[in-house]
Protein chains: 2
Amino acid sequence: MSTAGGRARTEQPIERSLHQRIRADIEDRILSGAWSPGHRIPFEHELMAQYGCARMTVNRVLSSLVEAGLIERRRRAGSFVRRPVGQSAVLRIPDVKAEVLARGETYRYELLSRARRRATREDRGRIAVAAGAPVLALLCRHVAEDRPYALEDRLIALDSVPEAAAADFAAELPGTWLLRHVPWHEAEHTIVAAGADAAIAEKLAVPVGTACLVIERRTWRSDQPITAVRVWYPGDRQKLVARFTPSTDAGAGR
Amino acid sequence: MSTAGGRARTEQPIERSLHQRIRADIEDRILSGAWSPGHRIPFEHELMAQYGCARMTVNRVLSSLVEAGLIERRRRAGSFVRRPVGQSAVLRIPDVKAEVLARGETYRYELLSRARRRATREDRGRIAVAAGAPVLALLCRHVAEDRPYALEDRLIALDSVPEAAAADFAAELPGTWLLRHVPWHEAEHTIVAAGADAAIAEKLAVPVGTACLVIERRTWRSDQPITAVRVWYPGDRQKLVARFTPSTDAGAGR
DNA sequence: AAGTGGTCTAGACCACACC
DNA sequence: GTGTGGTCTAGACCACTTA
């Protein structure tokens, strides 16, 4: 072909380059959940046909998705949507259950309370749902070796995740349940230190005023709020580690 | 050329592909400081000549370095090493001074103590220097509106940063000074909540036992320890925010 | 054996910025 | 204008994996 490079520009003169458009298409389908983890995305030759472009172009897109950690590729098999990693490679938010079990301690989880209600003013400060939208409020306690380990105060937006209303959160950790039902969401963590007030202290079986690490995580999926959770860890027992290399934050790298 | 694709494999049969090798070369030079921020890296045609490869290959490498946030590229001008961003795009470690000034409050900084010594056992637990290696120990207080705001307890490895011995840390924040002298380092943050003990409480002018957010940052440059700093924030006054999108953690993305 | 991804080439046109 | 990066092509060889 003689008009090699100019083609894409000529055909999509609006804004994005072809590979950006392809990447956005695939990324949207993954992040929206249309292609859930494990889904095989089209082969390179299929994408070539679909977008009418060279293999190098789709290959470049798929490679960048690998770097971003969104997909994995296996020869002869194809390219697959990855299961989202813990939360992030950089900030290791502790998976309480896994860590406790890893230390060889017993782990138990208790659902202290569960309430379905229309979002109160305070709820709406934590999770950006519409006024009066239904939410599920959960209070859970993680117990290691029969000692309270962490307290989890969670709201779930039922408009976004209606199936949560019927889930049995006494049997399955809300976090685990949500990860199975709503993979690939965006998250924001806020981390503060606070002294335990009377109510918290009692449930954690620590003195009032004990310094706690409070991690609040709010998650969305394409601008729809999913959940807001506030976890109280007695401070000396839990720490967060975040590690940054200037480059290679996300992915395979080298 | 007839033996198109096989070339790199044939010439570097050991392990890495050509573009990985080129990327590693450039990345090492940036992270080691050989090419400091602002440095213009070779033009694509120069790299082509140097590695004897096609332009597409070096272009791919440079594009990935842009995505990783290591370089920026300007048409007609060239490609340049970027200045490292604050700390990380994901975890916003507060720049105390900037935040205080942004609120329109007065800011002051006090160097409470400065000592040059051979690393003690405790020092070596914080910063992995050799036994007896010289370290600079600083204790600083950040003051907003004449109220103590945060306490900074820092060690600097003088073997790695000998110029620090002569720096005037009463005049310039150690963090700022280090960023100017040692850009592009690897960092690890550990975040815990702790109650202020008597010494800390007195210097922060808060009651003993006040819940504080303690952020410890340790930084290296190619496995050489640079500094270890522990910052105490009275808990209610400071919070950390970390935001993750599953994809596009690092870079330009979209 | 066949089909997938991994990598590379040699060339092309374009946009853009600076001269 | 001139030279940089931005993008794309059409084809190639290879390695690996699975059938």
Side-chain angles (χ1 to χ4, degrees), chain A residues 1-24 26 40-67 70-82 251-254, chain B residues 1-24 26 40-67 70-82 251-254:
Chain A
M1 184 183 293
S2 56
T3 58
R7 222 169 65 75
R9 284 281 175 208
T10 316
E11 285 182 15
Q12 341 284 343
I14 324 98
E15 29 175 340
R16 290 208 282 241
S17 61
L18 179 54
H19 76 264
Q20 283 175 327
R21 211 167 61 88
I22 300 176
R23 164 144 189 179
I26 297 175
R40 186 183 65 67
I41 76 175
F43 295 124
E44 294 190 346
H45 65 81
E46 293 174 323
L47 290 170
M48 283 172 63
Q50 184 178 331
Y51 289 96
C53 66
R55 185 162 85 96
M56 191 67 177
T57 306
V58 303
N59 183 289
R60 190 191 154 110
V61 169
L62 296 179
S63 298
S64 78
L65 288 171
V66 169
E67 249 188 279
L70 275 176
I71 68 170
E72 58 186 351
R73 315 191 70 190
R74 291 198 300 276
R75 292 180 147 119
R76 177 66 203 233
S79 306
F80 301 85
V81 178
R82 277 217 340 196
R254 62 201 186 87
Chain B
M1 185 181 293
S2 54
T3 58
R7 222 170 63 78
R9 284 280 176 210
T10 314
E11 286 183 11
Q12 343 282 343
I14 323 99
E15 30 175 340
R16 291 208 281 241
S17 61
L18 179 54
H19 77 262
Q20 283 174 328
R21 211 167 60 87
I22 301 176
R23 165 147 185 175
I26 297 175
R40 186 183 64 69
I41 77 175
F43 295 124
E44 293 190 346
H45 69 260
E46 292 173 323
L47 291 169
M48 283 172 64
Q50 183 178 331
Y51 289 96
C53 65
R55 193 181 143 222
M56 191 67 179
T57 305
V58 302
N59 184 290
R60 190 190 154 107
V61 169
L62 296 179
S63 298
S64 77
L65 287 171
V66 169
E67 248 187 279
L70 275 177
I71 67 168
E72 59 187 350
R73 315 190 70 190
R74 292 198 301 274
R75 293 181 147 119
R76 177 65 202 231
S79 305
F80 301 85
V81 178
R82 278 219 336 198
R254 64 200 187 85

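In the text below, chain A, chain B and the rest are named by the order of the sequence lines, each starting its count at 1. The shown structure was predicted, so the numbers you read here are calculated from the model rather than taken from an experiment.
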[X] has an atom [atom1]; how far is it from atom [atom2] of [N], in whole Å?
X       : N      : atom1 : atom2 : answer
B/Arg73 : C/dA17 : CZ    : C1'   : 15 Å
A/Leu62 : C/dT4  : CG    : P     : 13 Å
B/Glu67 : D/dG6  : CD    : C1'   : 14 Å
B/Phe43 : D/dG6  : CZ    : P     : 13 Å
A/Glu72 : C/dT4  : CD    : P     : 18 Å
B/Glu44 : C/dT9  : CD    : C1'   : 15 Å
B/Arg60 : C/dC8  : CZ    : P     : 7 Å
A/Met48 : D/dC8  : CE    : P     : 14 Å

- Item | A/Arg75, nearest nucleotide to its side chain (from D/dT9, D/dC16, C/dC16) | D/dC16
- Task: When you get a sec, tell me which of C/dC8, C/dT9, C/dG5 is the closest nucleotide to the side chain of B/Ala54?
- Result: C/dT9
- Query: Are the charged groups of A/Glu44 and A/Arg60 less than 4.0 angstrom apart, N to O?
  - Reply: no
- Query: Are any of the side-chain nitrogens in A/Arg23 or B/Glu67 under 4.0 Å away from the carboxylate oxygens of its partner?
  - Reply: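 The answer is yes: the pair qualifies as a salt bridge.
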Does any N or O donor sit under 3.5 Å from an N or O acceptor when you compare the side chain of [X] with the base of [N]?
X       : N      : answer
A/Arg55 : C/dT7  : yes
B/Arg76 : D/dT2  : yes
B/Arg74 : C/dA17 : no

- Between A/Phe80 and A/Arg74, is there a cation-pi geometry (under 6.0 Å to ring centre, at most 45° from the normal)? yes
- Is a side-chain N or O of A/Ser63 found less than 3.5 angstrom from the main chain of A/Asn59, in a donor-acceptor match?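 The answer is yes, because a donor-acceptor pair under 3.5 Å joins these two groups.
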Any [X] side-chain nitrogen or oxygen under 4.0 Å from OP1 or OP2 of [N]:
X       : N     : value
A/Ser79 : C/dG5 : yes
A/Thr57 : D/dT9 : yes
A/Ser17 : D/dT7 : yes

- Item | Heavy-atom side-chain proximity of B/Cys53 to B/Ile22 below 4.5 angstrom | yes
- Message: Quick check: on DNA chain D, is the nucleotide nearest B/Met56 upstream (toward 5') of the one nearest B/Gly78, or the reverse? Name the residue that is more 5'.
- Response: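 Upstream on the strand: B/Gly78.
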- Task: Take B/His45 and B/Asn59, find for each the nucleotide of DNA chain D with the closest heavy atom, and name the residue whose nucleotide sits nearer the 5' end.
- Result: B/His45
